[in-house]
Amino acid sequence: QVQLVESGGGLVQAGGSLRLSCAASGRTFSTNMMGWFRQPPGKERVFVAAISGSGASTYYADSVKGRFTISRDNAPNTMYLQMNSLKPEDTAVYYCAGASKPVWGFRYTALREYDYWGRGTQVTVSS
């Protein structure tokens, strides 16, 4: 019954910025980890960023570190991904994900640790 809905994707030129939002239903997301994953065309889905339930801890893939910022509000449950200095290689469908159980160690990068997924939002970065 948990629903995640992404928004904010679109077409942007290299060097530009976008802010993705993920609206989450259910109180579980106020305490458990959430994350962003992306899937470029013809590629596998990979980890982008994650944030702890409290918002105190954030984690980033090396490819986006220093350019992307993940954040969340718990009332209402909403997660954000601020993307700056976008590159063509950032082009992908971006997915919001939420965990129903605690995530420990480096497991926040693993798709299987997340139980709830949005439908995705397309981000296209032109050269």
Side-chain angles (χ1 to χ4, degrees):
Q1 294 180 320
V2 175
Q3 293 279 100
L4 302 178
V5 181
E6 303 95 339
S7 62
L11 176 64
V12 66
Q13 290 184 310
S17 299
L18 284 174
R19 189 193 192 202
L20 305 183
S21 298
C22 173
S25 65
R27 293 180 296 175
T28 181
F29 296 101
S30 67
T31 58
N32 291 329
M33 185 164 287
M34 298 183 70
W36 290 96
F37 292 75
R38 68 186 183 187
Q39 187 166 14
K43 305 290 186 179
E44 64 183 0
R45 191 175 302 183
V46 297
F47 169 77
V48 175
I51 186 167
S52 62
S54 68
S57 300
T58 58
Y59 312 92
Y60 299 93
D62 288 342
S63 59
V64 306
K65 195 172 299 180
R67 299 188 298 121
F68 291 11
T69 303
I70 190 171
S71 61
R72 69 187 296 170
D73 293 326
N74 290 332
N77 290 323
T78 308
M79 182 176 64
Y80 307 95
L81 186 68
Q82 178 65 48
M83 305 185 295
N84 299 325
S85 301
L86 284 163
K87 306 174 181 179
E89 49 264 46
D90 294 319
T91 295
V93 177
Y94 283 70
Y95 296 90
C96 170
S100 63
K101 299 181 294 184
V103 178
W104 303 102
F106 293 102
R107 292 296 180 183
Y108 54 80
T109 66
L111 276 67
R112 65 180 295 124
E113 295 298 319
Y114 299 88
D115 303 295
Y116 308 111
W117 294 85
R119 302 290 289 273
T121 185
Q122 177 71 49
V123 172
T124 302
V125 184
S126 61
S127 301

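Index from 1, following the sequence.
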If only atom types and distance count, is the side chain of [X] paired as donor or acceptor with the main-chain N or O of [Y] below 3.5 Å?
X	Y	result
Thr91	Val125	yes
Glu6	Gly120	yes
Asp73	Thr78	no
Gln39	Ala92	no

Sorted by chain and number, sequence neighbours left out, salt bridge (Lys or Arg N to Asp or Glu O under 4.0 Å) with Lys65 holds for Asp62
Heavy atoms only: give me the nearest [X]-[Y] pair and the separation to one decimal.
X	Y	result
Tyr60	Ile70	OH-N, 2.8 Å
Ser17	Ser85	OG-N, 4.3 Å
Tyr94	Leu20	CB-CD1, 3.6 Å
Leu86	Arg67	CA-NH1, 3.8 Å
Ala24	Met34	CB-CE, 4.2 Å
Gly16	Val12	CA-CG2, 3.9 Å

Check the hydrophobic clustering (I, L, V, M, F, W, Y; side-chain heavy atoms under 4.5 Å; chains of links allowed) and say if [X] and [Y] are grouped together.
X	Y	answer
Phe106	Met33	yes
Val5	Leu81	no
Val64	Val46	no
Phe68	Tyr80	no
Val93	Leu111	yes

Contacts satisfying ring pair (Phe, Tyr, Trp, His ring centres under 6.0 Å) that involve residues 32-58 (not counting sequence neighbours) are Phe37-Phe47, Phe37-Tyr114, Phe37-Trp117, Phe47-Tyr108
Rounded to the nearest 0.5 Å, the OG atom of Ser25 sits from the CG atom of Leu4 at a distance of 7.0 Å
Rounded to the nearest 0.5 angstrom, the OG-CD distance for Ser100 and Glu113 is 9.5 Å
Open item on the list: Are more than 12 heavy atoms, taken from residues, nucleotides or ligands other than Glu44, located less than 6.0 Å from that residue's CD atom?
Closed with: no
Here the disulfide (SG to SG under 2.5 Å) pairs for residues 42-86, sequence neighbours left out, are none
Worksheet item: Are Asp90 and Arg38 ion-paired here, with the side-chain N under 4.0 Å from a carboxylate O?
Response: yes
